**Student:** 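Once you've had a glance at the structure underneath, I'll fire off some questions.
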Amino acid sequence: MFDVRVGLGAVLDIDAVDRLLPSDGPVRLWVTGVRLVANRPSRDEWIWVEGIRLSPSGRRGPQAQILVRASKLPPEGRVHGASPSA
């Protein structure tokens with residue numbers, strides 16, 4: 001089991017190689033929800049990270065749900081600061 005402590009409100013930079021079906025490249029996401037995908041083998045655990053996509057300038061974009069390999073997320077996320085700009 002992975003120790004994933006991604007807090008709500010964290011801002012994560014998720015590389016394309018760390019996502020399932022990374023057709024649109026890396027993503028910066030303001031996290032609003034996290035849930036484990038329990039029906040996978042323990043060596044291949046995935047989590048759904050839900051939130052608001054952010055542009056490089058921090059501007060809010062659309063809501064997103066991204067399936068990320070749990071082992072690729074740092075234990076406390078790569079937090080970039082407080083809430084993003086409107």
Side-chain angles (χ1 to χ4, degrees):
M1 185 62 107
F2 294 98
D3 181 9
V4 179
R5 293 171 286 179
V6 179
L8 299 182
V11 176
L12 298 177
D13 288 320
I14 304 169
D15 293 329
V17 297
D18 298 333
R19 300 172 39 206
L20 186 66
L21 304 175
S23 61
D24 58 350
V27 172
R28 177 170 277 183
L29 194 73
W30 178 30
V31 178
T32 60
V34 177
R35 58 190 163 96
L36 291 174
V37 178
N39 60 344
R40 304 263 186 196
S42 61
R43 70 185 183 287
D44 192 31
E45 287 194 41
W46 294 83
I47 61 169
W48 281 105
V49 179
E50 302 171 356
I52 307 293
R53 286 178 180 254
L54 300 175
S55 71
S57 68
R59 199 165 182 95
R60 292 182 190 184
Q63 181 79 21
Q65 293 183 348
I66 300 171
L67 193 58
V68 180
R69 190 179 304 276
S71 64
K72 299 298 182 178
L73 290 176
E76 295 183 22
R78 295 180 207 155
V79 179
H80 290 283
S83 298
S85 59

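Just so it is clear, the model here is predicted, and its values are computed rather than measured.
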**Student:** Answer with yes or no whether the hydrophobic clustering places Val17 together with Val68; edges join I, L, V, M, F, W, Y residues whose side-chain heavy atoms lie under 4.5 Å apart.
**Tutor:**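 Unlinked, Val17 and Val68 end up in two clusters.
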**Student:** Do Leu54 and Arg60 make a side-chain contact, defined as non-hydrogen atoms from C-beta onward lying under 4.5 Å apart?
**Tutor:** yes
**Student:** Kindly write out the residues that satisfy side-chain hydrogen bond (donor to acceptor under 3.5 Å, both in side chains) with Thr32, not counting sequence neighbours, or none if the list is empty.
**Tutor:**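 With neighbours one apart ignored, the set is empty.
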**Student:** Within a strict 4.5 Å, meaning less than it, do heavy atoms of the Ile66 and Leu29 side chains meet?
**Tutor:** yes
**Student:** Run Arg28 and Val11 through side-chain contact (heavy atoms from CB on, under 4.5 Å) and show every step you take.
**Tutor:** CA-CA 7 Å; Arg28 177 170 277 183; Val11 176; 3.6 Å; yes
**Student:** Is the closest side-chain heavy-atom distance between Glu50 and Val34 below 4.5 Å?
**Tutor:**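 Side-chain contact under 4.5 Å: no.
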**Student:** Can you tell me how far apart CH2 (Trp30) and CG (Leu8) are? Round to the nearest 0.5 Å.
**Tutor:**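 The distance works out to 10.5 Å.
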**Student:** Between Val49, Val27, Leu67, which is the residue that forms a side chain to side chain contact (heavy atoms under 4.5 Å, CB included) with Arg19?
**Tutor:** Val27
